[in-house]
Protein chains: 2
Amino acid sequence: MRKLQSNPFNCSVVKAINYIGGKWKPIILISLYRRENVRFGRFTVLIPDISRKILTQQLKELEDDGLIIRQEYKEKPPRVEYRLSDFGKTLIPVLKALHDWGGQIENSEINKTWN
Amino acid sequence: MRKLQSNPFNCSVVKAINYIGGKWKPIILISLYRRENVRFGRFTVLIPDISRKILTQQLKELEDDGLIIRQEYKEKPPRVEYRLSDFGKTLIPVLKALHDWGGQIENSEINKTWN
DNA sequence: CTATTTAGTTACTAATTTGTAACTACCAAT
DNA sequence: ATTGGTAGTTACAAATTAGTAACTAAATAG
């Protein structure tokens, strides 16, 4: 959860945006929607412009918010898989609404994500 | 439109969030959904914690993005009314989706906005 | 013994967003 | 002449978010 919108006005819409509004969070969530589970390193391939630090941070916030599950295998070298939680899956219709609205504006490459 | 998410990854969800993700934008949009038109000064009453500078800024971005219409009456003292544009009205289902999702988390005061 | 692999962490910096306080313009009323 | 009302603007500062580069750990491969 971000703190930007530490909004004295208690608004559900703002609250929802605080969950998904991180710069890379929608892309992370969509990746997990499409792939069931994704390893840390895989994210850095799927999202080339994200740094490991920011990726860690966004994943941790999503995990703290209960939207994703982090599963660590006690192996060396390490293996960590991320997946959507049941709660996270309830976001899918919301993401689709945002996607459809945002997509109408100008159709572009990865708009086919949902199709 | 904010620039925070100047995202090289062209994602419709991110794009949508860039339109509505300003700290006060959802509240402004919901106010306009409920009231048809709102004057500048009225916003400062409806949203007591917003400063005139930030209000101006958020309204201008919403106007530049085509979501709201600014109507200025040539009077003294000035009168300026804001309303949702037709394009802005297409956001309503999206805002509802966000509201419903955000509302399920913990029900609070102004959650009745949509009911 | 050194390099490789994976999933990070740390210290520091840069960019973006939000906020404060004081100021402007114009007309009407006191 | 001063005050009041509306809708701002300006210069500046603070808070938040994102990014860089270098570093860590532990086992395995060569």
Side-chain angles (χ1 to χ4, degrees), chain A residues 1-9 11 14 17-28 31-32 37-65 68-83, chain B residues 1-9 11 14 17-28 31-32 37-65 68-83:
Chain A
M1 181 98 73
R2 306 180 305 158
K3 40 180 158 173
L4 168 64
Q5 328 250 46
S6 56
N7 206 313
F9 215 91
C11 170
V14 173
I17 290 177
N18 283 342
Y19 277 80
I20 59 176
K23 176 162 176 180
W24 306 99
K25 284 182 185 174
I27 297 171
I28 291 171
S31 298
L32 292 175
N37 70 75
V38 177
R39 293 179 62 177
F40 185 87
R42 185 87 175 109
F43 278 119
T44 68
V45 175
L46 295 172
I47 313 172
D49 288 305
I50 199 171
S51 70
R52 295 203 297 302
K53 184 212 159 190
I54 298 297
L55 177 57
T56 304
Q57 185 180 298
Q58 305 264 302
L59 288 169
K60 193 169 293 177
E61 284 181 14
L62 290 169
E63 194 199 357
D64 289 346
D65 288 342
I68 66 174
I69 292 167
R70 176 182 185 278
Q71 186 166 8
E72 183 177 354
Y73 297 87
K74 293 289 179 197
E75 304 173 358
K76 294 293 164 177
R79 180 157 66 103
V80 178
E81 284 177 3
Y82 293 89
R83 67 185 66 249
Chain B
M1 183 99 73
R2 305 180 305 158
K3 39 178 159 175
L4 169 63
Q5 327 249 47
S6 55
N7 207 311
F9 214 91
C11 169
V14 173
I17 290 178
N18 283 342
Y19 276 80
I20 60 176
K23 175 162 177 180
W24 306 98
K25 284 183 185 176
I27 298 170
I28 291 170
S31 299
L32 292 176
N37 71 76
V38 176
R39 294 180 62 178
F40 185 88
R42 184 87 174 110
F43 278 118
T44 68
V45 174
L46 295 172
I47 313 171
D49 289 304
I50 200 173
S51 70
R52 294 204 295 303
K53 184 209 157 191
I54 298 299
L55 176 57
T56 303
Q57 184 179 300
Q58 304 263 302
L59 288 169
K60 194 170 296 179
E61 284 181 15
L62 290 169
E63 195 200 355
D64 289 346
D65 289 341
I68 66 175
I69 292 167
R70 177 181 183 279
Q71 184 165 9
E72 183 177 355
Y73 297 87
K74 293 290 178 196
E75 304 173 0
K76 294 294 165 172
R79 179 156 67 103
V80 178
E81 284 178 2
Y82 293 89
R83 68 185 66 247

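Per chain, numbering begins at 1; letters A, B, ... match sequence-line order. Bear in mind the structure is a predicted one, so any value in this text is a computation, not a measurement.
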At their closest point, which heavy atom of [X] faces which heavy atom of [Y], and how far apart are they?
X     : Y     : result
B/G22 : B/P26 : O-CD, 3.3 Å
B/L62 : B/Y19 : CD2-O, 4.0 Å
A/I20 : A/K25 : O-CB, 3.7 Å
B/M1  : B/E61 : N-CB, 3.5 Å
A/Y82 : A/I68 : CD2-CD1, 3.8 Å

* Asked: Are any of the side-chain heavy atoms of B/W24 and B/F43 separated by less than 4.5 Å?
  -> no
From [atom1] of [X] over to [atom2] of [N], roughly how many Å is that when rounded to an integer?
X     : N      : atom1 : atom2 : answer
A/Q71 : C/dA7  : CD    : P     : 13 Å
A/I54 : C/dC12 : CD1   : P     : 17 Å
B/R79 : C/dA28 : CZ    : P     : 16 Å
B/K74 : D/dA7  : NZ    : P     : 13 Å
B/R2  : D/dT17 : CZ    : P     : 10 Å
A/L55 : C/dG8  : CG    : P     : 8 Å

* Asked: Do the side-chain N or O atoms of A/R39 get closer than 4.0 angstrom to the phosphate oxygens (OP1, OP2) of C/dA7?
  -> yes
* OP1 or OP2 of D/dG19 sitting under 4.0 Å from any side-chain N/O of A/K23? -> yes
* If each of A/P77 and A/E61 is mapped to the nucleotide of DNA chain D with the nearest heavy atom, which maps nearer the 5' terminus, i.e. the 5' end? -> A/E61
* To do: Side chain of A/W24 only, please: which of D/dT6, C/dA7, D/dG19 is the nearest?
  => D/dG19
* Structure fact -> Side-chain contact check for A/Q58: nearest option of D/dA18, C/dT5, D/dG5 is D/dA18
Shorter than 3.5 Å, N or O on both sides, protein versus nucleotides 8-13 of chain D: list them out with atom names.
from	atom 1	to	atom 2	distance (Å)
D/dG8	OP1	B/R70	NE	3.4
D/dG8	OP1	B/R70	NH2	2.6
D/dG8	OP2	B/Y82	OH	2.8
D/dG8	N7	B/R52	NE	3.1
D/dG8	O6	B/R52	NE	3.4
D/dG8	O6	B/R52	NH2	2.5
D/dT9	OP1	B/K60	NZ	3.3

